[in-house]
Trainee: 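Pasting a structure below so you can have a look.
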Protein chains: 2
Amino acid sequence: MAEAASAAGAPRASRLDRRKARTRQALIDAAVRLIAEGRGDRASIQEITEAADVGFGSFYNHFDSKEQLFQAAAEEVLERWGQMIDRASAGISDPAELFAVGTRITGRLGWTHPDIAGFLTGTGLDALDIPGGLAPRALRDIQAGRAAGRFSVPDAEIALSAAAGGLLGLLRVHQRHPGRIDEAAVDQLAEALLRLLGVPAPEAARLAALGLPETGNW
Amino acid sequence: MAEAASAAGAPRASRLDRRKARTRQALIDAAVRLIAEGRGDRASIQEITEAADVGFGSFYNHFDSKEQLFQAAAEEVLERWGQMIDRASAGISDPAELFAVGTRITGRLGWTHPDIAGFLTGTGLDALDIPGGLAPRALRDIQAGRAAGRFSVPDAEIALSAAAGGLLGLLRVHQRHPGRIDEAAVDQLAEALLRLLGVPAPEAARLAALGLPETGNW
DNA sequence: CTTGTAATAGACTATCAGTCATGATGAATG
DNA sequence: CATTCATCATGACTGATAGTCTATTACAAG
């Protein structure tokens, strides 16, 4: 997103640019915080700018609307989430295993990163439409799995939506009934989703029980 | 929903009651239409009352807020949907078969009843929270299936959410790419969801291919 | 130091949710 | 049939919030 320097241009970034970036980031951080707190997009722009300690008018220097801010905030959160999964799945090439790892890490967000989990349940299935989110990557995995004959599901997008629904359901149950969801429950969901994708049951069980790599804190 | 007549009461319903009911219904119909059009709850109350050809102030004689109206509209649509599935599943007792029928009829809504389909995709997973909706029934089916040893999924609520996600995904794909979803695709989703629930693959394929009863127009 | 540009900021306007007082409709009663 | 009363319908009113506009401030360049 950084503006390209003009062809013959100078280094093209200092102070002013940093100030601008700082303001923008303050707004995004405030939005992430508010969403995670469950205030969803019900927070007023005044509330947001106040939380970001920024003048009201500044908001519109960076975003055209509240929705646009929340979209940017969503992309940021999903980006971190994606990196977390990338780290955990480094070296894995089997699409089914990749899918299992992604599912299990996401399900664990409920207690490892409640803020992200809250964010996801707050946005619902709309999270699938967020560009740069995890959806494109998961979609790629599913399609790769189909191409490799590992999955037999007919439509990748539908399967993705089902997987997202399952994960969101799990996170929601966790929020509403703390303690009812544990690692075993997450692994069982991953197993069930693999079966949905057409992986034979015994193989699904095996994939959902593999050791899970460390993810780090972010 | 008709008001019960008081015990010793007269017929207790005329003109005034009908007028009231008509106004209320006009508002609900307008809301259903707007949601199906994808305007979601972004429609202003003025827009709604205008679409219903009702005075602005009348709105608050019937509903406390826009959310309440949308909830009533949702219950109405889901009620019709539920009755449609009830008719189609009369005489079926196997939970797995019931689930398959419900899934396949719902998936077919995309072309048999685009208004309901639009409504469902418009509300997203929140449809699961609508009281009186189909969720409680589907949940019951899933739990019955677990009790009968027919399903092996650990948490019924999570499974329900995954199923809803799959169906919503299918309906969304149908809306965005008309013609990409046909009856075979719906049946394959039903099959996949049965596998997710723990039904052995061959049995899932059989259940998803059974003859589907006529549902009637409503 | 001067000048120009880009970001900040809060006062201003339009729109929307929700309230309230008034008017219209029809039921009950003599 | 006329009168009275209750209930619903209605749109003008109020407070709040999204989004605009212009003055001010911070910085960079010469």
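Here is the naming used below: chain letters follow the sequence lines, and residue numbers restart at 1 for every chain.
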Trainee: Nearest whole angstrom, please: distance from the C1' of C:dG18 to the CD1 of B:Ile48.
Mentor: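 Result: 13 Å.
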Trainee: Could you tell me whether B:Glu37 and B:Arg33 have a side-chain N and a carboxylate O separated by less than 4.0 Å?
Mentor: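 No.
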Trainee: Return whichever of B:Arg19 or B:Arg42 has its heavy-atom-nearest nucleotide of DNA chain C closer to the 5' end.
Mentor: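 Residue closer to the 5' terminus by nearest nucleotide: B:Arg42.
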Trainee: Between A:Arg24 and A:Ala72, what is the shortest heavy-atom contact and its length?
Mentor: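 Between these two residues, the closest heavy atoms are NH2-CB, 4.1 Å.
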Trainee: Nearest to the side chain of A:Leu16, heavy atoms from C-beta on, is which of C:dA6, D:dA9, D:dG19?
Mentor: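 Nearest to the side chain of A:Leu16 among the choices is C:dA6.
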Trainee: Please name the pair of heavy atoms, one in B:Ala159 and one in B:Leu197, separated by the smallest distance, quoted to 0.1 Å.
Mentor: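 Closest approach of B:Ala159 to B:Leu197: CB-CD2, 3.8 Å.
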Trainee: According to a strict under-4.0 Å criterion, is A:His62 in side-chain N/O contact with OP1 or OP2 of C:dA7?
Mentor: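 For C:dA7, OP1/OP2 do not have a side-chain N/O of A:His62 under 4.0 Å.
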Trainee: Rounded to whole angstrom units, what separation is found between the CZ atom of B:Arg15 and the C1' atom of C:dT25?
Mentor: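 So the two atoms are 9 Å apart, to the nearest Å.
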Trainee: To the nearest Å, how far apart are B:Phe59 CZ and C:dC16 C1'?
Mentor: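 To the nearest whole Å, that distance equals 12 Å.
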Trainee: Taking atom types as modelled, find out whether A:Glu50 and A:Gln46 have a side-chain donor-acceptor pair closer than 3.5 angstrom.
Mentor: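 Note: A:Glu50 and A:Gln46 side chains miss the donor-acceptor criterion.
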Trainee: Under the side chain to side chain contact (heavy atoms under 4.5 Å, CB included) rule, collect the residues that match up with B:Gln71, sequence neighbours excluded.
Mentor: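 If we apply the side chain to side chain contact (heavy atoms under 4.5 Å, CB included) test to B:Gln71, skipping adjacent residues, the hits are B:Glu75, B:Pro131.
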Trainee: So does B:Arg176 pair up with A:Asp129, basic N to acidic O under 4.0 Å?
Mentor: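 Salt bridge between B:Arg176 and A:Asp129, a charged N being under 4.0 Å from a carboxylate O: yes.
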Trainee: Measure CD1/A:Ile45 against C1'/C:dT13 and give the value in whole Å, please.
Mentor: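 Between C1' of C:dT13 and CD1 of A:Ile45: 15 Å.
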Trainee: Please state whether the base of D:dA9 and the side chain of B:Asn61 form at least one donor-acceptor pair under 3.5 Å?
Mentor: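 Yes, a donor-acceptor pair under 3.5 Å.
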Trainee: Quick check: are there more than 12 heavy atoms from other residues, nucleotides or ligands sitting under 6.0 Å from CD of A:Gln25?
Mentor: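 Yes.
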Trainee: Taking only heavy atoms on the protein side, list every residue of residues 64-73 of chain A lying under 4.0 Å from any atom of DNA chain D, sorted numerically.
Mentor: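 Contacts with DNA chain D under 4.0 Å: A:Ser65, A:Lys66.
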Trainee: Hey, are A:Arg172 and B:Glu157 close enough for a salt bridge, meaning a charged N less than 4.0 Å from a carboxylate O?
Mentor: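 Salt bridge between A:Arg172 and B:Glu157, a charged N being under 4.0 Å from a carboxylate O: no.
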Trainee: Please determine if B:Arg108 and B:Asp187 form a salt bridge, counting it only when a charged side-chain N lies under 4.0 Å from a carboxylate O.
Mentor: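 Salt bridge flag = yes for B:Asp187 with B:Arg108.
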Trainee: I need the residues from residues 20-37 of chain B with at least one non-hydrogen atom less than 4.0 Å from DNA chain D; give them sorted by number, or say none.
Mentor: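 DNA chain D contact set from residues 20-37 of chain B: B:Lys20, B:Thr23.
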Trainee: Measure CZ/B:Arg18 against P/C:dT25 and give the value in whole Å, please.
Mentor: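 Value for this atom pair: 16 Å.
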Trainee: Could you list by number each residue of residues 50-58 of chain A showing a heavy-atom separation from DNA chain C of less than 4.0 Å, or answer none if no residue does?
Mentor: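 Listed by number, they are A:Val54, A:Gly55, A:Phe56, A:Gly57, A:Ser58.
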Trainee: If I take atom OH in residue A:Tyr60 and atom C1' in nucleotide C:dG10, what distance separates them, rounded to the nearest angstrom?
Mentor: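 In whole Å, C:dG10 C1' lies 13 Å from A:Tyr60 OH.
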Trainee: Under the rule for side chain to side chain contact (heavy atoms under 4.5 Å, CB included), what residues qualify as partners of B:Arg22, not counting sequence neighbours?
Mentor: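 B:Arg22 satisfies side chain to side chain contact (heavy atoms under 4.5 Å, CB included) with B:Arg19 only.
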Trainee: Enumerate the residue pairs fulfilling ring-ring contact (aromatic ring centres under 6.0 Å, His included) with a member in residues 155-187 of chain A, sequence neighbours excluded, ordered by first and then second residue.
Mentor: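 Only A:Trp111-A:His174 qualify under ring-ring contact (aromatic ring centres under 6.0 Å, His included).
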